[in-house]
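Let me begin by presenting the structure, written as structure tokens, before commenting on it.
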Amino acid sequence: MMLLGVNIDHAATVRQARYKSAAGAPGGAVEPDPVTLALLCERAGADGITVHLREDRRHIQDRDVWRLRETMATRLNLEMAVTPAMTELALQLKPDSVCLVPENRQEVTTEGGLDIIGGRDRVRACVDAMNTAGIKTSLFIDPEEAQIAAAAEVGAPWIELHTGAYAEAYAQREGRSAELQRLRQGSALAHRAGLVVNAGHGINYVNIAEVRTIPHLQELNIGHSIISRALFTGIEEAVREMKRRMAGAAAAA
């Protein structure tokens, strides 16, 4: 059965919208607390928690990742840019895994996959450092043959296929089959190359019915849709419902 990693960034987005300048530990008037949300996700069956500590600290803050590291019972997956500063932080934090992603300060959320080919040396250096420290490294990439081959060549054990193009095509009803086929082919190619395959970006309670049929997937990282559903059902039910749909249980959208 596929694993579910819940991305809790948007809980921090809500907090920072009101309390961006608040210093010190959360509590009192500073809400919501992403760490409390993470613990509720775990209680509901999440297999891991994903956070993206961006260089501009727009949502998740350093204190959040350290508290998560100290309190979580499952796995902490840290999304991060490929920079010396973030590499050093990850080596100190020692999350269970890191996912290397591109960053653009003008973007609302991550747009597109990491260009391993264009940044091969710095990606390899980061992967080598994580491998030495015993931290699993995943590379967030588009389902392109050249990028998949490059991921294997730099020594990353995992990749995370960027499902954003498929999710957009699904919503717009154009090119959906072609994008799904790209993901299927990319996953099969990565599997043959010996890579563990995860996927994420834009996965929701509707398109999960197709995403779950992509072969060789180990884990899905899902955030926005689960947090959105939680506004109406509560976070625990939102996590449980996504787990049911990942397993193929039929439910009303």
* Mind checking what makes side-chain contact (heavy atoms from CB on, under 4.5 Å) contact with Asn131, not counting sequence neighbours? -> Val127, Thr137, Pro157
Side-chain donor-acceptor distances from residues 183-196 under 3.5 Å, at least two apart:
unit_1, atom_1, unit_2, atom_2, d
Arg184, NH1, Thr213, O, 3.1
Arg184, NH2, Thr213, OG1, 2.7
Ser187, OG, Pro215, O, 2.4

* Structure fact -> Across all chains, not counting sequence neighbours, the side-chain hydrogen bond (donor to acceptor under 3.5 Å, both in side chains) partners of Glu144 are none
* **Check against side chain to side chain contact (heavy atoms under 4.5 Å, CB included), Asp142 and Gln147** => CA-CA 7 Å; Asp142 292 321; Gln147 297 293 348; 5.7 Å; no
* Got a sec, which residues hit side-chain hydrogen bond (donor to acceptor under 3.5 Å, both in side chains) with Glu168, two or more places apart in sequence or on another chain? -> none
* Asked: Under 4.0 Å between a Lys/Arg side-chain N and an Asp/Glu carboxylate O for Arg54 and Glu79?
  -> no
* Asked: Residues in side-chain hydrogen bond (donor to acceptor under 3.5 Å, both in side chains) with Thr74, at least two apart?
  -> Glu42
* Structure fact -> Between Phe140 and Pro102 the two heavy atoms that sit nearest each other are CD2-CD, 4.3 Å
* To do: Could you tell me which non-hydrogen atom of Met86 sits nearest to which non-hydrogen atom of Leu53, and how far apart they are?
  => CE-O, 3.5 Å
* Asked: Hey, mind stepping through Arg15 and Glu31 against salt bridge (Lys or Arg N to Asp or Glu O under 4.0 Å) and telling me if it holds?
  -> CA-CA 6 Å; Arg15 179 192 63 195; Glu31 59 184 4; over 6 Å; no
* Under the side-chain hydrogen bond (donor to acceptor under 3.5 Å, both in side chains) test, which residues partner Lys243, sequence neighbours left out? -> Asp47
* Taking atom types as modelled, is there a side-chain donor on Tyr166 or Glu210 under 3.5 Å from an acceptor on the other? -> yes
